[in-house]
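Inspection log for the structure reproduced underneath, given as C-alpha cells.
Here the structure is a predicted model, which means the values were calculated and not measured. Along the sequence shown, residues carry numbers from 1.
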Amino acid sequence: MKNTVFVTGATGFQGMSIAQSLISAGDKVVTLSRSFDKDNQRFEELEVVSGSLDNEEDIRKALKGVNKAVFTCPLIFDIDVAETYVTNFINAVKNSTVELVVYNSSFDLPEEETGLMALDIKVLIKEKFQQSGLNVINLVPDIYLDNAAAPWSVPVILNHKIFPYPVKSGKKFPWISHLDLGQFTALAINRPDLAGETLSIGGNLVSGEEIASAISEEVGEQINFVSLTPDAFQNEITPAFGELAGKEISNLYRYLEDHSDRITNKNFKKTQELLGKQNQSLSEWAKTITWKV
C-alpha cells in the first residue's frame with residue numbers, strides 16, 4: 001500500500017470514482033457512511049466506518065492510520081451545515097497523521113462569493129482550508145460528462161433519442177468524466193509539493209452536439225442534442241429534487257453561461273503537465289458507459 005486515504009462520500013458517484021482510482025493505484029481507502037449497504041458494496045477494498053461529517057469524533061475514528069485525505073462536500077444547500085462539515089473535518093485532520101488534503105470543489109471555484117448558495121459553499125470551504133494551515137491542493141472540475149450517463153439520463157437518451165441539457169446549442173465547455181476526476185485526484189494525492197495550488201482539471205472543450213454524436217456512435221442510433229434553458233431545466237428537476245435543490249442546481253448552469261469565457265479559458269494544460277495526465281476523449285468516455293435501460 002502506498003497511502004491510506006480518507007475519502008468523503010466514497011459511496012456516491014464522484015467519491016466512488018475517486019476511491020476506485022486510488023485503489024487501482026495501490027492505495028487503501030477509508031470512508032464514512034451511516035447507511036452503506038455492505039452486502040451491495042461495489043468493491044471490497046473500500047473500508048467503511050460508521051459515522052458522518054456532522055460528528056467530529058466519527059471523522060477522527062475514520063482518520064486513524066490515515067496519511068492523506070480527499071474532501072468533497074456533499075450536495076447540500078445549507079451554508080451552516082457545510083461550515084459544520086468542513087470545520088469538523090479540519091479539526092479532525094489537525095489531530096491526525098494526515099499530511100495532505102485534496103479538496104475536490106466538484107464544480108468551478110470562484111474567487112469570491114457570488115450570491116449563489118451552491119457556489120458560496122465552495123468558496124467558504126476553500127477559505128476555511130486556507131485559514132486552517134493544512135497542506136491542501138484544490139482540484140477544480142467544471143461540468144461532468146457522466147451527468148449524461150446517470151440512471152435518470154440514459155432512459156431519456158435511449159427511449160427518446162435525445163440528450164437534453166441546460167447549456168446553449170453549439171456552446172463549448174470543459175466537460176470531464178468521473179474517471180478523469182478520480183485519476184487526477186489519485187495523482188494529486190502524491191504531490192505534496194503542489195499544496196496551496198488551485199488546479200483546473202476540466203477536459204477538452206466540447207459542445208452538447210458533440211456529446212450527442214459520441215453517444216450516437218456508441219449506441220448505433222442518431223441521438224440529438226436538445227438545449228434546455230436553466231428555467232426549463234429547473235422545472236424538470238424540481239419534482240424529483242425539491243424546490244430549493246432544483247433552484248440551486250439550475251443556478252450552476254446560469255452561472256456557467258454568465259461566466260463562460262473565464263471557465264473555458266482556464267489553464268487546463270498546466271494541470272495536465274504537472275500531473276502527467278491527459279483527459280479522456282469523448283469517444284473514450286462513451287465506450288466506458290453501459291448504454292442500456
Task: Trace of the salt bridge (Lys or Arg N to Asp or Glu O under 4.0 Å) decision for E111 with R262 - done: CA-CA 12 Å; E111 291 295 324; R262 186 184 71 78; 5.9 Å; no
Taking the side chain as everything from C-beta on, heavy atoms only, tell me whether [X] gets closer than 4.5 Å to [Y].
| X | Y | answer |
| --- | --- | --- |
| V123 | E127 | yes |
| F71 | V136 | no |
| D142 | F268 | yes |
| I237 | S250 | yes |
| S200 | N267 | no |
| K122 | C73 | no |
| Y144 | S106 | yes |
| I157 | W291 | yes |

Can you tell me how the ring of [X] sits relative to the ring of [Y], calling it parallel under 30°, perpendicular over 60° and tilted otherwise?
| X | Y | result |
| --- | --- | --- |
| Y165 | F233 | tilted |
| F129 | Y103 | tilted |
| F107 | Y255 | tilted |
| F163 | F225 | tilted |

Give, for atom [atom1] of [X] and atom [atom2] of [Y], the distance between the pair rounded to the nearest 0.5 Å.
| X | Y | atom1 | atom2 | value |
| --- | --- | --- | --- | --- |
| I76 | Y85 | CD1 | OH | 5.0 Å |
| L53 | I59 | CG | CD1 | 5.0 Å |
| D58 | N88 | CG | CG | 9.5 Å |
| S283 | E218 | OG | CD | 8.5 Å |
| N135 | D193 | CG | CG | 11.0 Å |
| I125 | N138 | CD1 | CG | 10.5 Å |

Main-chain N/O of [Y] paired with [X] side-chain donor or acceptor, under 3.5 Å:
| X | Y | result |
| --- | --- | --- |
| T264 | F173 | no |
| S52 | D54 | yes |
| S153 | A149 | no |
| N3 | D27 | no |
| S216 | I223 | yes |
| R191 | I137 | no |
| T238 | Q234 | yes |
| T97 | N67 | no |
| D146 | H178 | yes |
| S105 | D108 | no |

Open item on the list: Before you tell me yes or no, could you show the steps for Q280 and S177 under side chain to side chain donor-acceptor pair (under 3.5 Å), namely the whole-Å CA-CA distance, both residues' side-chain angles and the distance that decides it to 0.1 Å?
Closed with: CA-CA 7 Å; Q280 281 184 304; S177 69; 2.7 Å; yes
Open item on the list: Before you tell me yes or no, could you show the steps for Q272 and N279 under side chain to side chain donor-acceptor pair (under 3.5 Å), namely the whole-Å CA-CA distance, both residues' side-chain angles and the distance that decides it to 0.1 Å?
Closed with: CA-CA 8 Å; Q272 292 169 351; N279 294 73; 2.7 Å; yes
With the 4.5 Å side-chain cut-off for hydrophobic clustering, are [X] and [Y] part of the same group?
| X | Y | value |
| --- | --- | --- |
| V102 | I18 | yes |
| V154 | V226 | yes |
| L109 | V70 | no |
| I90 | V30 | yes |
| V81 | I249 | yes |

Can you name the nearest heavy-atom pair linking [X] to [Y], along with the distance?
| X | Y | result |
| --- | --- | --- |
| L282 | A214 | CB-CB, 3.9 Å |
| G203 | I176 | N-CB, 4.0 Å |
| K172 | L205 | CD-O, 3.7 Å |
| P230 | R254 | CB-CG, 3.5 Å |
| S281 | E284 | N-OE1, 2.8 Å |
| S227 | K168 | OG-CA, 3.5 Å |

Task: Residue pair S207, E210: steps toward the side chain to side chain donor-acceptor pair (under 3.5 Å) verdict - done: CA-CA 5 Å; S207 66; E210 288 171 311; 3.3 Å; yes
Is the count of non-hydrogen atoms from other residues, nucleotides or ligands lying under 6.0 Å from [X] atom [atom1] greater than 12?
| X | atom1 | answer |
| --- | --- | --- |
| Q130 | CD | yes |
| E243 | CD | no |
| K126 | NZ | yes |

- [ ] For side-chain contact (heavy atoms from CB on, under 4.5 Å), just list the numbers for V98 and F6, CA-CA rounded to whole Å, side-chain angles, deciding distance to a tenth of an Å, and then say yes or no.
- [x] CA-CA 9 Å; V98 172; F6 173 71; 5.9 Å; no
Task: Trace of the side-chain contact (heavy atoms from CB on, under 4.5 Å) decision for M117 with I121 - done: CA-CA 6 Å; M117 179 65 68; I121 284 173; 4.1 Å; yes
- [ ] Assess whether side-chain contact (heavy atoms from CB on, under 4.5 Å) is satisfied between K68 and N190, documenting all intermediate values.
- [x] CA-CA 9 Å; K68 306 283 178 66; N190 291 306; 4.0 Å; yes
Open item on the list: Assess, by modelled atom type and distance only, whether the side chains of S17 and Q20 contain a donor and an acceptor separated by less than 3.5 Å.
Closed with: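 Distance-only check fails for S17 and Q20.
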- [ ] Would you kindly say whether K266 and T271 are connected by a side-chain donor-acceptor distance under 3.5 Å?
- [x] no
TODO: Start with the C-alpha gap between I211 and W285, add the side-chain angles, then the distance that decides, and say whether side-chain contact (heavy atoms from CB on, under 4.5 Å) holds.
DONE: CA-CA 10 Å; I211 295 171; W285 163 76; 4.3 Å; yes
Open item on the list: With side chain to side chain donor-acceptor pair (under 3.5 Å) as the criterion, how do D120 and T114 come out once you've worked through the C-alpha distance, each side chain's angles and the decisive distance to 0.1 Å?
Closed with: CA-CA 6 Å; D120 289 350; T114 64; 3.2 Å; yes
